[in-house]
Amino acid sequence: MKTFEYHKPSSLDDAAKLLAQADAVALAGGMTLLPVMKQRLNSPSVVVDLAALEDLRGIRENESKGVVLGAMTTHAEVAGDALVREKLPALAELAAGIGDAQVRNRGTVGGSLANNDPAADYPAALLALNGSVHTNKREIAADDFFAGLFATALEEGEIIRHLHFPIPEKAGYKKFPQPASLYALVGVFAAKTNGGVRVAVTGAGSEGVFRVPELEEALGKDFSPESVPEKLSDGVEEKLLNDIHGSPQYRAALITALLRSP
Amino acid sequence: MSDNGHGIGAPVKRVEDFRFLTGRGTYTDDINRPNQTCAFFLRSPHARAQIKSIDAAKAKSAPGVVAVFTGGDMQCGGIPCGWQVTDKNGEPMKEPPHPPLAKDKVSHVGDQVAVVIAESLSAAKDAAELIAVDYEVQTPVVDMEKAIAGGDVVHEEAPGNLCYDWELCTAEGGAKEVDDAIANSAHSVSLRIVNNRLAPNAMEPRAAIGDYDLASGEYTLYTTSQNPHVIRLLMGAFVLGIPEHKLRVVAPDVGGGFGSKIFHYAEEAVVTWASAQIKRPVKWTAERSESFVSDAHGRDHITDVTLALDAEHKFTALKVQTLANMGAYLSTFASCVPTYLYATLLAGVYTTPKICAGVKAVFTNTVPVDAYRGAGRPEATFLLERIVEQAARKLGVDRVELRRKNFIAPDAFPYQTPVALQYDSGDYHSSLEKALAMSDWEGFAARKKESAANGKLRGIGISTYIEACGIAPSAVVGSLGARAGLFEAATVRVHPTGSVTVFTGSHSHGQGHETTFAQIVAEKLGLPMENISIVHGDTAKVPFGMGTYGSRSLAVGGEAISRALNKIAEKARKIAAHLMEADAADVVFANGEFAVKGTDKKKAFAEVSLAAYVPHNFPHKSAHDDGEGLEPGLEEQAFYDPLNFTYPAGCHICEVEVEPETGAVTVAALTTVDDVGRVINPMIVEGQVHGGLAQGVGQALLERAFYDDNGQLLSGSMMDYTLPRAKDMPPLSGLQTATTETLCAHNSLGVKGVGETGTIGSPPAVINAVLDALAERGVTDIQMPATPFRVWSALQEAGK
């Protein structure tokens with residue numbers, strides 16, 4: 001790790017100012033940033049730790065009865081929170097299945113979404129639940145937020161404050177882990193929302209998380225494992241990753257297998 | 001001789017575990033020398049490139065930098081190989097130079113190009129980024145079959161990338177006789193088997209500290225080694241030219257090795273040499289990503305095998321043709337692993353009369369490949385147990401019965417195999433029958449039905465294996481090309497008050513020697529464990545040693561201790577006889593007491609040891625040393641050179657469940673029955689088996705060091721290289737380990753060795769189980785590791 005300037009601002013404005021400097025990065029849980037800094041793959045000159053920003057903490061219900069997660073909420077907090085477990089059990093389960101205990105105690109929902117790792121779990125939840133990202137500047141709908149591998153709609157110096165999740169009628173998340181990393185080789189989040197069925201896939205896409213209209217259509221008719229087609233169209237396979245852990249065909253098969261499994 | 005509860009056969013808790021489990025161990029990285037510097041190695045990002053120039057000027061003047069060295073600075077010998085294999089035409093193997101720092105070219109990703117020595121590690125890393133290396137990148141040689149087909153070569157010294165083309169044919173008529181036997185047999189079955197390349201991943205990464213003492217002219221190397229004396233020999237004699245009395249090698253606590261810490265590595269030579277250049281200690285510790293591209297890998301064979309059977313299904317002949325990857329340079333044991341530790345095991349536990357094995361050792365632009373837990377024997381066992389299984393399926397006969405029919409009979413020992421080895425003892429039927437009963441082999445059909453009801457495919461697989469341990473008779477290995485002897489040394493020092501320190505040339509890297517060896521002392525001298533210390537891992541303390549590998553510590557090192565203890569007991573008996581004014585022949589020694597037969601005269605061991613060091617009343621030697629009488633003191637040494645290898649054998653049975661939609665394999669049960677000879681500590685034996693099984697499951701289902709066509713290691717981190725986790729093992733209720741016992745016939749302890757049974761016996765049992773599960777869907781073959789992706793792909797292919 002190279003030397004860098006470390007700041008821990010206590011107001012959102014200060015944080016934004018610090019992040020406006022050249023070569024500055026925000027530090028949330030550090031589960032991605034710290035390893036890449038140690039490996040010298042990223043050597044920022046300024047690190048702005050968001051840990052002291054009270055505004056980024058907490059879990060609450062909003063006026064429209066949805067769940068609001070502060071960006072700095074850890075996976076362990078999401079997994080163990082009574083409100084989340086009651087309103088969004090699928091999200092609590094997703095959080096409980098991330099990494100290991102150490103990662104869940106450090107890693108944050110905001111950090112995961114801002115990083116948009118193509119194999120991270122939260123992007124699938126945000127997209128399938130039609131959630132939204134509330135920053136220090138604006139509100140961004142899930143459909144507009146993800147912009148390819150490790151890329152999002154966030155601008156320089158823009159900080160996620162909260163994540164809003166509307167409550168679906170029914171939802172579930174399943175993942176098949178990549179054997180080594182235990183990240184999602186394929187993760188599928190399916191939700192029956194008041195705006196229709198939404199299915200989001202993480203881990204598999206060569207451009208990161210994506211929705212699968214043909215599955216949404218099939219599940220829209222009947223939200224049950226039996227209505228999932230055995231095989232996806234070639235159009236879906238074309239979007240999928242090919243690496244030592246699986247071909248596009250395998251990943252496509254996993255998407256349907258996960259949804260079809262009871 | 002002892003009934004104190006700590007002797008041979010007692011499940012004594014490991015005395016070393018308190019310090020290991022509470023963070024009180026001393027590993028190499030825990031050692032810091034006064035005025036120490038930090039070393040960082042700049043490594044090649046390319047698999048194959050010429051080095052046109054290196055400009056280190058900026059790095060040398062960077063803040064905190066003490067020195068930067070490149071290959072041109074270091075005038076020394078190359079890293080040697082310990083075994084000279086002669087090829088089938090009588091030519092010595094090709095040994096291309098292996099400079100500790102690259103000179104004109106780099107030959108694998110991770111090859112050492114320069115070392116930066118600085119006041120801090122981060123200063124060294126910063127400076128390394130300032131070194132400008134002008135590489136002329138070349139097309140690397142990665143695939144073994146392409147490597148020997150002509151074209152680019154890794155080294156000019158090895159045309160066709162061949163290190164050697166070696167053959168072990170026992171039939172008098174050579175390969176042709178075996179070919180004819182196969183052609184004339186009623187049945188034959190063939191397979192192509194890829195034994196996957198593994199990255200060892202000891203929990204403790206390698207580390208080394210070179211410490212040159214300007215006052216005495218002595219060098220000390222602290223290193224993560226399984227065999228400090230071997231490192232002293234290889235580095236002192238071959239690389240740096242330092243005589244033994246000026247070179248001390250210390251290997252303190254070592255956190256796992258699995259073979260990867262046998263070998264002498266470049267970093268050890270560089271820090272030792274550099275320490276004398278800058279006259280300060282130099283410390284280097286590998287990071288995990290460095291380990292992946294600089295620790296010697298294991299396995300990596302491609303083999304074509306044919307087994308022939310007569311009309312009664314007795315094996316008639318076996319032909320094996322293997323390509324063995326050496327990587328870019330010959331590591332210490334590399335040349336011996338796919339020859340003497342592999343082809344000699346191809347009889348297995350069977351009576352196959354004619355065997356011919358041809359082995360081509362191939363250089364590639366990859367990390368060197370060398371011994372990894374099992375070393376050669378897992379490769380031999382895997383191909384045998386796969387081809388036997390395949391034969392049973394092809395002929396439609398019971399796979400257990402086919403094995404029984406071809407076993408070497410219990411009364412056939414000593415049994416001379418057609419591939420050089422002579423098995424001294426064994427009983428393959430009894431371990432097989434015990435394992436079948438323990439695993440409820442007969443009840444499998446019901447369990448399969450239950451799995452099917454849940455949409456799962458269930459399979460059961462078996463492997464009956466043998467291995468050769470306790471390497472090895474020096475005269476034998478010398479005739480095979482070993483450049484060192486393979487005896488072991490032990491010194492037993494009895495202190496005046498009767499406590500004992502044992503100095504052993506074996507060196508634990510996690511096996512629990514401090515407990516097992518102490519139990520031998522407790523047994524033989526009747527002492528409590530707390531009166532015994534085991535010292536190892538320091539050439540300045542231990543007289544000599546060849547180290548720990550090939551499950552040799554107990555069979556060779558333990559036997560050396562046992563023999564030194566016999567000498568102690570014998571001398572002490574004479575002293576006791578003198579003290580009790582009795583004839584030595586009338587003195588018996590049991591439970592730590594000497595007694596005169598038929599009297600109530602007794603002397604405790606501590607009284608005798610005190611007399612040895614306070615020899616006021618003592619049977620002193622006469623002035624002319626006429627052979628009678630004794631010297632004061634009570635310290636004895638033994639060098640033990642074994643008469644034969646030892647031959648642990650056994651039966652492993654695995655049961656798996658496959659989820660057909662995803663290809664995921666779950667190991668439902670593992671049953672092992674191993675004959676490791678006499679068991680000194682059953683708890684340690686069980687632990688060794690458990691660890692080995694985890695690595696066996698790892699090889700079978702999870703692990704693969706995978707190079708792409710550019711010679712880049714794609715599975716070069718824990719993110720892509722799958723090590724076994726607890727969840728990959730069966731639940732404890734499904735993990736059953738047991739032993740049978742036939743004693744080794746040529747060591748007094750009767751021990752054979754247990755360190756590698758798990759990695760040798762289990763991979764074919766696991767794969768045979770997977771194939772048994774997939775058989776109903778038409779899958780007939782699968783390579784290791786049987787990852788979910790591979791299993792799913794095999795199912796798709798078979799379903800077409």
**Asked** For A:Arg40, is it the side chain, the backbone, both, or neither that has a heavy atom closer than 4.5 Å to a heavy atom of chain B?
**Response** side chain
**Message:** Are there residues of residues 783-794 of chain B whose heavy atoms fall under 4.5 Å of chain A's heavy atoms? If so, which?
**Reply:** B:Pro788, B:Phe789, B:Trp792
**Chi angles and distances behind the side-chain contact (heavy atoms from CB on, under 4.5 Å) call for B:Asp720, A:His245** = CA-CA 8 Å; B:Asp720 289 297; A:His245 303 292; 2.8 Å; yes
**Message:** Take a 6.0 Å sphere around CZ of A:Arg85 and say whether it holds more than 12 heavy atoms from other residues, nucleotides or ligands.
**Reply:** no
**Exceeds 12 heavy-atom contacts within 6.0 angstrom, atom CG of A:Asn105** = yes
**Request:** Using a cut-off of 6.0 Å, state whether more than 12 heavy atoms not belonging to B:Lys146 lie near its atom NZ.
**Result:** no
**Complete:** Honestly, the part of A:Leu254 sitting under 4.5 Å from a heavy atom of chain B is side chain
**Item:** Nearest-0.5 Å distance, OG1 of residue A:Thr3 to CG of residue B:Asp126
**Value:** 7.0 Å
**Request:** Please state whether the side chain, the backbone, both or neither of A:Thr256 comes within less than 4.5 Å of a heavy atom of chain B.
**Result:** neither
**B:Arg43: side-chain contact (heavy atoms from CB on, under 4.5 Å) partners, not counting sequence neighbours** = B:Phe41, B:Gln112, B:Glu267, B:Trp284, B:Glu290, B:Ser294
**Message:** Heavy-atom pairs under 4.5 Å with chain A - which of B:Glu703, B:Arg704, B:Arg725 has more of them than the others?
**Reply:** B:Arg725
**Under 4.5 Å from any heavy atom of chain A - which part of B:Phe706** = side chain
**Prompt:** Partners of A:Lys231 by side-chain contact (heavy atoms from CB on, under 4.5 Å), sequence neighbours excluded?
**Reply:** A:Asp234, A:Glu237
**Heavy atoms of other groups near A:Glu93 CD, more than 12 under 6.0 Å** = no
**Asked** Would you say B:Glu661 and A:Arg260 make side-chain contact, with heavy atoms under 4.5 Å?
**Response** no
**Enclosure of A:Glu214 CD (heavy-atom neighbours >12, cutoff 6.0 Å)** = yes
**Region of B:Met719 in contact with chain A, defined by heavy-atom distances below 4.5 Å** = both
**Request:** Flag the one option from A:Ala253, A:Gly246, A:Ser261 with the top tally of heavy-atom pairs under 4.5 Å to chain B.
**Result:** A:Gly246
**Message:** Which atoms of A:Gln39 are under 4.5 Å from chain B, going by heavy atoms: the side chain, the backbone, both sets, or neither?
**Reply:** neither
**Asked** Going by residue number, which parts of residues 168-182 of chain A are within reach of chain B, meaning a heavy-atom gap below 4.5 Å?
**Response** A:Phe176, A:Gln178, A:Pro179, A:Ala180, A:Ser181, A:Leu182
**Side-chain heavy-atom pair B:Glu129, A:Lys2 within 4.5 angstrom cut-off** = yes
